[in-house]
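Quick notes on the structure that follows.
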Amino acid sequence: LPRYNPENLATLERYVETQAKENAYDLEANLAVLKLYQFNPAFFQTGVTAQILLKALTNLPHTDFTLCKCMIDQAHFHLGEVKFCVSSLKIPPKPGLWDLGEGDFSGSAEGGTSAPPFFPKFSLDLPKMQQEERPIRQILYLGELLETCHFQSFWQALDENMELLEGITGFEDSVRK
């Protein structure tokens, strides 16, 4: 199957869904889908991209997640990166941008116990595109927590957003490995 032929995109997207259902993983096929989205932005599918990112998270500490993240147009997750940059400075974002629960902005990242203390909660009045791409930003945040060894915060954020795992078989067990 010629990977970079846009006519094969639907087949590759179905293969991503099969990987999710059968707890399989094929990085090369997943990267091909993301590359086709780069070449053909009108075909971009948030749900398929979310499944690819979640599958890549299960392969940490390998660099799959970073590879996948780098192949996604930044317009699809810009707010998520701003949020993390702001939180790593330990400065609360502007009111109204994110709903901040209780959080301690004074912890030390060196000890590995301080995590970004909030998870973005977007209001319903955001533009449709931002609402549709919310799962990508959430997964990028989860990836940041795992990559920075904030495991307790990762599991807490995941518990609060279990809808991200719909259709993904064995995600939690795969992450634990």
Exercise. Under the side chain to side chain contact (heavy atoms under 4.5 Å, CB included) criterion, do Trp155 and Val175 qualify, and how do the steps go?
Worked result: CA-CA 10 Å; Trp155 291 111; Val175 167; 3.9 Å; yes

For this session: Begin from the C-alpha positions of Asp73 and Phe44 and carry the test side chain to side chain contact (heavy atoms under 4.5 Å, CB included) through to its verdict.
Result: CA-CA 10 Å; Asp73 187 321; Phe44 182 84; over 6 Å; no

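- Here Ile168 contributes atom CD1 and Glu17 contributes atom CD; the two are 9.5 Å apart, rounded to the nearest 0.5 Å.
- Under the 4.5 Å side-chain contact rule for hydrophobic residues, Leu140 and Met162 share a cluster.
- Counting heavy-atom neighbours within 6.0 Å of Glu7 CD, excluding the residue itself, gives a total of 12 or less.
- Checked by atom type, the side-chain pair Asp26/Tyr15 shows a donor-acceptor distance below 3.5 Å.
- Once rounded to the nearest 0.5 Å, the distance linking OG1 of Thr46 with CG of Leu53 reads 10.5 Å.
- Annotation: side chain to side chain donor-acceptor pair (under 3.5 Å) contacts of Lys21 (sequence neighbours excluded): none.
- Residues Leu9 and Tyr37 form a side-chain contact, since some pair of their non-hydrogen atoms from C-beta on lies under 4.5 Å apart.
- Within the structure, every pair that satisfies the salt bridge (Lys or Arg N to Asp or Glu O under 4.0 Å) test and touches residues 166-177, not counting sequence neighbours, is listed here: Asp173-Arg176.
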For this session: Apply the test side chain to side chain contact (heavy atoms under 4.5 Å, CB included) to residues Asn30 and Tyr25: give CA-CA distance (whole Å), side-chain angles for both, the deciding distance (0.1 Å), then the verdict.
Result: CA-CA 9 Å; Asn30 295 347; Tyr25 182 62; 3.8 Å; yes

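- In this structure, CG on Asn161 lies 10.5 Å from CD on Gln156, to the nearest 0.5 angstrom.
- Expressed to the nearest 0.5 Å, how far CD of Glu147 lies from CG of Leu57 amounts to 7.5 Å.
- Taking CG from Leu142 and CZ from Phe65, the interatomic distance works out to 8.0 Å, rounded to the nearest 0.5 Å.
- More than 12 heavy atoms of other shown residues, nucleotides or ligands fall within 6.0 angstrom of atom CD in Gln38.
- Between the side chain of Asn8 and the backbone N or O of Pro2, at least one donor-acceptor pair lies under 3.5 Å.
- Asn23 and Gly170 get closest at one heavy-atom pair: ND2-CA, 4.1 Å.
- In this structure, Phe154 and Phe171 have tilted ring planes: the angle between them lies in the 30° to 60° band.
- The OG1 atom of Thr49 lies 5.5 Å from the CG atom of Leu34; values are rounded to the nearest 0.5 Å.
- Here the shortest heavy-atom pairing between Gln51 and Ala20 reads NE2-CB, 3.9 Å.
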Problem set entry | Step-by-step side chain to side chain contact (heavy atoms under 4.5 Å, CB included) determination, Ile52 to Val48 | CA-CA 6 Å; Ile52 290 171; Val48 173; 4.1 Å; yes

